[in-house]
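The structure appears below as structure tokens.
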Amino acid sequence: MENNLDIIYSKPLKCYIEIEYNTKLISLRFVGPGKHTREKKAHDAAFELDRYFEGELIDFASDVDISNFGPFTQKVLIETRKIKYGETITYSELAEKIGSRAARAVGNALGKNPIPIIIPCHRVVAKKGIGGYSGGIDIKTRLLELEKRNANNL
DNA sequence: GACGATAGCCCTT
DNA sequence: AAGGGCTATCGTC
């Protein structure tokens, strides 16, 4: 089955984003401006992302497909989706919520997150410091700043 | 077995 | 204070 691809531009992140989907969301990638990059918005999530970057949306409704992962990783990703807009928890706190003490394993699992932003792994930070981010720490920082700015006006 | 997007402790400057 | 080494922890590959 052939998947669909939408492309949007994020002003706060200063980069393009590709979202891949069929019946559910498959992946979200950060991409620099390509030769023939043009925006294409068909899926709801593309419009949701637009509003998110404007600070007007705090909750994504779109369904995500994480069925190809193991049970631990799925638990981590599901738990991550419960973190509220503008809030953060630590790797160890997230581990505890799913009945584990493997803070590092949580980091590993989050590193595999196929759909960042919508599964808000940027809200999981280290006890001391910001922790890592597959898309680059700068993107994580911008996302957290964006949410901190807009958390007030719900 | 080794390796992590961790965390805590115990040193040294 | 701030940074480095050591170790506990545990899911993945």
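Note that the structure is a prediction, hence the values are computed from the model and not measured. Each chain gets a letter, A, B and so on, in the order the sequences are listed, and its residues count up from 1.
Atom NZ of A:K128 is separated from atom C1' of B:dG8 by 9 Å (rounded to the nearest Å). Computed from coordinates, the A:K112 NZ to B:dC3 C1' distance equals 12 Å when rounded to whole Å. The CZ-C1' distance, from A:R104 to B:dG4, rounds to 5 Å in whole Å.
A sub-4.0 Å separation between OP1 or OP2 of B:dG8 and a side-chain N or O of A:K127 is present.
Between A:A102 and A:E93, the residue whose closest nucleotide on DNA chain B is further toward the 5' end is A:A102.
Summarising the base pairing, B:dC11 is matched to C:dG3 through a Watson-Crick or G-U wobble pair whose two defining distances lie under 3.5 Å. Pair check for B:dT6 finds C:dA8; Watson-Crick or G-U wobble, both atom distances under 3.5 Å.
Here A:Y91 lies in heavy-atom contact (under 4.0 Å) with a base. Counting any heavy atom pair closer than 4.0 Å across all strands shown, A:G111 reaches a base atom.
Classification of A:K82 and A:E79 as a salt-bridged pair holds, one side-chain N sitting under 4.0 Å from a carboxylate O.
Contact annotation: side chain of A:S134 to base of B:dA5, donor-acceptor pair present below 3.5 Å.
Contacts between chain A and DNA chain C, taken as any atom within less than 4.0 angstrom of a protein heavy atom, begin and end at C:dA8 to C:dC13.
Ring-plane geometry between A:Y133 and A:H122 is classed as perpendicular, the angle between the planes exceeding 60 degrees on a 0 to 90 degree scale with a lower cut at 30. Between A:Y52 and A:Y85, the ring-plane angle classifies as perpendicular under the 30° and 60° cut-offs.
Closest heavy-atom contact between A:I7 and A:R38: CB-O, 3.6 Å.
Residue A:K40 places its NZ atom among more than 12 non-hydrogen atoms of other residues, nucleotides or ligands, all under 6.0 Å distant.
Exactly one of A:D44, A:D6, A:D65 qualifies for a side-chain hydrogen bond (donor to acceptor under 3.5 Å, both in side chains) with A:Y21. That residue is A:D6.
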